[in-house]
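Data first, discussion second: the structure below is written as structure tokens.
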Amino acid sequence: MFSQTVEYALRAVVHLANEAPAPRTTDQICEATRVPRAYLSKVLQGLIRGGVVQSQRGLKGGMSLVKSPEDLTILEVVNAV
């Protein structure tokens with residue numbers, strides 16, 4: 001069984017994989033995954049530190065996967081959070 005944090009991280013990564021390579025804002029991810037915004041921000045920070053997700057600032061910024069979805073494993077996501 002996965003913890004709530006891991007489940008939320010997997011939801012966010014699956015959403016980003018479906019939208020790749022376009023970046024998504026935290027609000028867009030929150031709405032699509034139904035994860036509370038404050039909790040999602042914490043999860044995304046862990047994914048950024050773990051090298052799974054990258055953050056881009058600016059008008060066309062947001063969160064996107066560092067690797068292509070085909071090269072990303074569930075274990076990488078679990079270890080990041």
Side-chain angles (χ1 to χ4, degrees):
M1 302 225 5
F2 290 124
S3 69
Q4 190 73 46
T5 302
V6 171
E7 181 184 337
Y8 287 167
L10 289 171
R11 285 189 202 178
V13 168
V14 167
H15 176 69
L16 290 172
N18 285 334
E19 302 296 327
R24 293 285 163 225
T25 66
T26 303
D27 288 333
Q28 290 171 324
I29 300 168
C30 179
E31 185 177 319
T33 61
R34 300 188 184 267
V35 175
R37 191 181 195 301
Y39 204 154
L40 180 63
S41 293
K42 179 181 169 185
V43 168
L44 289 171
Q45 288 295 327
L47 291 171
I48 290 168
R49 279 193 298 272
V52 175
V53 171
Q54 63 185 357
S55 175
Q56 303 169 17
R57 293 185 141 191
L59 187 59
K60 294 189 179 193
M63 304 289 175
S64 59
L65 296 176
V66 172
K67 296 180 177 181
S68 68
E70 297 83 20
D71 296 332
L72 188 62
T73 66
I74 292 174
L75 183 60
E76 288 177 288
V77 176
V78 171
N79 287 337
V81 294

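Predicted, not measured: the structure shown is a model, and the values here were computed from it.
Within the 4.5 Å cutoff, no side-chain heavy atoms of V6 are placed close to those of V77.
S55 and M63 make their closest contact through CB-SD, 3.9 Å (heavy atoms, listed as atom of the first residue, atom of the second, distance). The two residues C30 and P36 come nearest to each other via the heavy atoms SG-C, 4.3 Å. The shortest heavy-atom contact between G50 and A80 is CA-CB, 3.9 Å. Between G61 and T25, the shortest heavy-atom distance links the atoms O-CG2, 4.3 Å. Nearest heavy atoms, Q54 versus L65: NE2-O, 4.0 Å.
Few gaps surround CD on Q56; more than 12 heavy atoms of other groups in view lie less than 6.0 Å from it.
I74 pairs in a side-chain contact (heavy atoms from CB on, under 4.5 Å) with only one of the listed residues (L10, N79, V13), which is L10.
A distance of 7.5 Å separates CG of L44 from CG of L16, quoted to the nearest 0.5 Å. The CD1 atom of I29 lies 9.5 Å from the OG atom of S41; values are rounded to the nearest 0.5 Å. Separation of atoms CD (Q28) and CD (E19) is listed at 8.0 Å; rounding is to 0.5 Å. Annotation: the span from K67 atom NZ to T73 atom OG1 amounts to 6.5 Å, rounded to 0.5 Å. Taking OG1 of T26 as the start and CZ of R37 as the end, the distance is 5.0 Å to the nearest 0.5 Å. To the nearest 0.5 angstrom, L40 atom CG is 10.5 Å from Q45 atom CD.
Partners of K42 under the salt bridge (charged side-chain N to carboxylate O under 4.0 Å, His left out) rule, at least two apart in sequence or in another chain, do not exist in this structure.
Cluster annotation: V43 and V14 are assigned to distinct hydrophobic clusters (Ile/Leu/Val/Met/Phe/Trp/Tyr, side-chain heavy-atom contacts under 4.5 Å, transitive).
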